[in-house]
Amino acid sequence: MYPKRLALLALSTALALPGLAIAAPGGSGKGNAYAFGRKPVTTTTTTSTSSTTSTTRTTTTTTTTTSTSSSTTSSTTSSTTSTSTTSSTTSSTTSSTTSTSTTSSTTTIPSCLDGSGPLITLTGTWATSYDNRALLDLTRLDARQATFLPSPTDLYPPNLGGGSGTCVSGGVELGQYDRSLTWDQMHTMNNAGVRFENAGVTVENVRIDDVADGIRPVAGPFVIRGTWLSYVRDDCVENDHVQPGLIDDSLFDGCYVGISERPSLAIITSGYDGRNDLLTVRQSLIRLQPMPGPRGGLPTDFGNGQFFKWSDLATHLELDDNVFLAEQVGEGGASTMGIPSSLVGCSNNVMVWLGQGPYPAPLPACFTVTTDRSVWDAAVATWKLRHGVVP
């Protein structure tokens with residue numbers, strides 16, 4: 001039903017190019033303290049257990065000897081009987097020894113940097129955008145030692161286009177926006193942490209804080225995995241071009257809106273239609289965070305939007321093994337807090353609700369609702385441990 005779902009794998013196979021290392025400008029920094037991602041996973045297996053028990057019994061032997069002697073004199077007869085007993089004892093103990101043999105194997109989470117396409121390495125601190133709309137097919141963009149500073153003069157720190165199958169791995173974005181700006185002020189600046197307009201892009205292990213939109217795909221299919229977003233003032237993922245994709249193993253710890261698939265009139269007029277495509281969200285954590293000056297509110301108000309901002313042209317949706325958290329009803333009202341009707345697959349999701357009363361919208365049977373904040377906290381701690389984040 002969803003013909004683009006496996007397109008990224010096909011691209012990786014069909015468009016393999018020889019490696020090319022390119023050192024990009026941008027400073028001589030020594031990396032950043034927020035790098036994370038390719039965390040080794042160690043598995044311990046018990047391969048064999050042997051147990052040896054030895055037992056020695058205790059034996060006592062008793063020997064009795066009786067002898068009789070007689071002597072006779074003229075008028076007296078005497079008889080003497082002597083008895084001697086000899087006892088010997090052999091004693092021992094019982095001992096048991098158990099030995100266990102264990103082996104450990106370590107595997108590393110795969111990275112899109114393991115591909116064979118052209119390599120561009122970004123390092124240092126970037127106060128201006130890395131804007132490259134002429135990337136070759138299967139380009140690998142290694143930003144693990146780069147720090148980007150999104151700001152009103154740096155709206156799209158990485159802004160990418162060109163060939164298919166681009167890998168964007170690593171990098172930290174520390175937004176320089178005033179954290180008290182309202183939703184309308186941030187939205188008017190129309191900025192995003194990562195923007196790409198080429199197909200088959202993978203964004204992995206990127207840390208983004210304090211931007212309007214977190215990641216903005218314009219083309220698909222796309223993969224977002226191992227990403228950590230916080231204080232995103234509008235959409236953690238703005239997929240308003242309704243592209244097919246996968247959001248996997250990611251931590252969205254503070255979104256005004258979780259995921260948006262609500263095309264503007266200009267996008268609709270351009271012919272974008274996601275109804276034959278699929279977006280999958282799995283093994284990820286999404287928290288709505290009340291922020292200053294919510295849409296339609298006063299600058300002194302604190303509010304948030306919804307988990308899914310959807311439209312009739314949005315993709316089908318699949319949700320598996322995710323944890324969501326909301327503290328209050330979104331500014332659009334209780335009806336916006338539900339799950340889109342385009343849901344086609346769903347399993348093992350948890351909704352942590354910290355607001356008043358029951359959760360404000362119906363949820364499908366694949367959701368469990370809890371009011372226990374520790375469920376979210378434990379899930380976040382586990383995610384950070386798995387990704388090598390130092391507490």
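Only this structure's heavy atoms are used, side chains among them; waters, hydrogens and symmetry mates stay out. Given the structure is predicted, the values throughout are model-derived calculations rather than measurements. Note that the numbering runs from 1 along the sequence shown for the chain.
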Chemist: Among residues at least two apart in sequence or on other chains, which ones pass salt bridge (Lys or Arg N to Asp or Glu O under 4.0 Å) with D240?
Modeler: none
Chemist: Taking salt bridge (Lys or Arg N to Asp or Glu O under 4.0 Å) as the definition, give me every residue that meets it alongside R262, ordered by chain and number, with sequence neighbours left out.
Modeler: none
Chemist: Which residues satisfy the ring-ring contact (aromatic ring centres under 6.0 Å, His included) test with Y272, sequence neighbours excluded?
Modeler: H241
Chemist: Kindly write out the residues that satisfy ring-ring contact (aromatic ring centres under 6.0 Å, His included) with F367, not counting sequence neighbours, or none if the list is empty.
Modeler: F324
Chemist: State, without any angle test, whether D372 and T370 hold a side-chain donor-acceptor pair at a distance under 3.5 Å.
Modeler: no
Chemist: Name all pairs fulfilling the side-chain hydrogen bond (donor to acceptor under 3.5 Å, both in side chains) condition that reach into residues 211-221, sequence neighbours left out, sorted by first residue then second.
Modeler: Y156-R216, N190-R216, D213-R216, R216-E238
Chemist: For the residue pair P150 and Q176, establish whether any side-chain heavy-atom pair is separated by less than 4.5 Å.
Modeler: no
Chemist: Scan for disulfide bond (SG atoms under 2.5 Å apart) pairs involving residues 311-391, sequence neighbours excluded, and state none if there are none.
Modeler: C346-C366
Chemist: With no hydrogens and no angle check, do the side chains of D253 and W228 hold a donor and an acceptor under 3.5 Å apart?
Modeler: no
Chemist: Tell me, which pairs form a ring-ring contact (aromatic ring centres under 6.0 Å, His included) where one or both residues lie in residues 193-214, sequence neighbours left out?
Modeler: none
Chemist: Could you work out, with side-chain contact (heavy atoms from CB on, under 4.5 Å) as the rule, every residue matching E327, not counting sequence neighbours?
Modeler: R287, P290, L325, L354
Chemist: Output all residues satisfying ring-ring contact (aromatic ring centres under 6.0 Å, His included) with W376, sequence neighbours left out; order by chain, then residue number.
Modeler: none
Chemist: Tell me, please, which residues at least two apart from D273 pass salt bridge (Lys or Arg N to Asp or Glu O under 4.0 Å).
Modeler: R275
Chemist: Output all residues satisfying salt bridge (Lys or Arg N to Asp or Glu O under 4.0 Å) with D154, sequence neighbours left out; order by chain, then residue number.
Modeler: none
Chemist: Taking only residues at least two apart or on different chains, which pairs with a member in residues 162-181 satisfy ring-ring contact (aromatic ring centres under 6.0 Å, His included)?
Modeler: none
